[in-house]
Amino acid sequence: MRNFFKFTFIFLFTLCAKAQVPTATILGVSPVVCTDANSFFAAKTTFSPTVFKWALPANKSAVIVSRDDDSTVVVSFSLPGLYTLSLTVSNGTLSSTATKILTVTRSAKASFNASLTTAGFPTQLSLTDYSSNSVKNYWTYSGSAAKDSSDYVIRDYPESGSYTVTLLAVGKNDCNSSLSYAFRISDSSGVTLPNIFSPNDDGVNDIYKPLTKGISELKAWVYNRYGALIVSWDRVNGSWDGFTTSGLACGPGTYFIILEATGFDGNTFKQKGTITLVR
């Protein structure tokens with residue numbers, strides 16, 4: 001009987017020695033965790049666990065966006081702060097839990113407004129920075145190594161082509177954000193003559209101005225119905241306000257315009273048209 005108990009004790013001791021508790025260590029690919037970004041974590045394990053269970057604090061600011069029962073996990077945080085990520089591993093009989101304290105930093109958010117002054121070339125691009133949560137912002141431009149950190153930028157584009165502007169918002173702990181704007185400037189010049197305007201100081205269509213793109217030189221002459229010259233200009237951005245060169249208001253009616261222009265691409269234009277003046 002004594003030998004039987006001795007044998008049983010040795011058997012149970014050997015069995016328990018073989019039943020090792022699986023363990024896990026949580027590894028982060030990046031030491032920095034940022035809000036509004038997917039963060040990847042993996043488990044380094046011992047004794048071959050077969051069951052994995054990831055967990056986060058029960059609040060809406062931290063969510064698991066991948067499967068929570070695998071050896072890896074993807075997590076997203078909407079608010080900065082301290083979070084505890086836990087992983088329980090098991091072999092079906094024995095289990096253990098590992099934890100990792102995460103410091104989450106609020107990400108910068110790149111935001112800006114971009115507008116071109118004209119559809120064709122030459123043109124200017126106006127850029128206004130509205131980024132938030134950043135410590136420094138940089139504009140970069142395709143085809144140029146230059147960087148600009150101004151909040152408001154006006155950049156000249158004298159030629160047609162495809163361009164891209166990118167704003168990098170630099171956040172704390174490299175929690176950065178970027179936003180790009182791609183645009184194309186028309187590769188051909190052109191002129192369009194409007195046929196009506198109303199110089200009545202109501203702020204709507206008060207000025208007559210040819211619509212141009214890619215024009216380097218322009219001359220225009222406006223005549224009344226009797227062939228008398230009313231006004232003329234020799235600049236691309238010239239216009240008519242409804243008055244004669246001597247300052248007299250022109251009456252309502254039909255007027256005639258002759259225009260000559262040259263584009264940056266070498267195209268020339270000679271156009272005639274009618275203008276209806278409404279008061």
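Values in this document were obtained by computation on a predicted structure and should not be read as measured data. These values consider heavy atoms only, across backbone and side chains, with no hydrogens, waters or symmetry-generated copies.
- Taking the six-membered ring wherever Trp is involved, the centroid distance between the rings of Y163 and Y157 falls below 6.0 Å.
- Side-chain contact of S178 with T166: a donor-acceptor pair under 3.5 Å is absent, judged by distance alone.
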Original post:
For T262 and F264, what are the C-alpha separation, side-chain angles and deciding distance, and is it a side-chain contact (heavy atoms from CB on, under 4.5 Å)?
Top reply: CA-CA 7 Å; T262 302; F264 282 93; over 6 Å; no

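- Contact detail for F77 and L102: the closest heavy-atom pair is CZ-CD1, 3.7 Å.
- Cluster membership check: L56 shares its hydrophobic cluster with L87, using side-chain heavy-atom separations under 4.5 Å among Ile, Leu, Val, Met, Phe, Trp and Tyr.
- For the pair R225 and Y255, the cation-pi criterion (under 6.0 Å, within 45° of the ring axis) is not fulfilled.
- More than 12 heavy atoms of other shown residues, nucleotides or ligands fall within 6.0 angstrom of atom CZ in R184.
- Residues F269 and L211 do not share a hydrophobic cluster, defined by chaining ILVMFWY side chains whose heavy atoms lie under 4.5 Å apart.
- Here the closest heavy-atom approach between residue P22 and residue S96 is recorded as O-OG, 2.5 Å.
- Judged purely by distance below 3.5 Å, without hydrogens or angles, the side chains of T99 and S86 never pair a donor atom with an acceptor atom.
- Between V63 and K60, the shortest heavy-atom distance links the atoms CG1-O, 4.1 Å.
- For the side-chain hydrogen bond (donor to acceptor under 3.5 Å, both in side chains) criterion with T105, the lone passing option out of N133, T35, N173, D174 is N173.
- Residue K53 is tested with D69, D68, D70 for a salt bridge (Lys or Arg N to Asp or Glu O under 4.0 Å); the sole match is D68.
- In the model, N113 has no side-chain atom that pairs as donor or acceptor with a side-chain atom of T128 under 3.5 Å.
- Classified by interplanar angle (parallel below 30°, tilted 30° to 60°, perpendicular above 60°), the ring pair F112/Y181 is perpendicular.
- Hydrophobic cluster membership is shared by I275 and W233, with clusters built from Ile, Leu, Val, Met, Phe, Trp and Tyr side chains linked at under 4.5 angstrom.
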**OP:** Would you check, one step at a time, whether the test side-chain contact (heavy atoms from CB on, under 4.5 Å) holds for I257 with W221?
**Re:** CA-CA 6 Å; I257 182 171; W221 300 265; over 6 Å; no

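- Residues P210 and V191 come closest through the heavy atom pair CB-CG1, 4.5 Å.
- In terms of heavy-atom proximity, L79 sits nearest to Y83 at O-OH, 2.8 Å.
- When only modelled atom types and interatomic distance are considered, D187 and S160 share no side-chain donor-acceptor pair under 3.5 Å.
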Subject >> Pair N91-S48, side-chain contact (heavy atoms from CB on, under 4.5 Å): steps then yes or no >> reply: CA-CA 7 Å; N91 60 10; S48 305; over 6 Å; no

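- A donor-acceptor pair under 3.5 Å is absent between the side-chain atoms of D234 and the main chain of K219, judged by distance alone.
- The backbone N or O of P199 lies less than 3.5 Å from a partner atom in the side chain of R279, making a donor-acceptor pair.
- Here the two rings, on W54 and F41, have centers that are 6.0 Å apart or farther.
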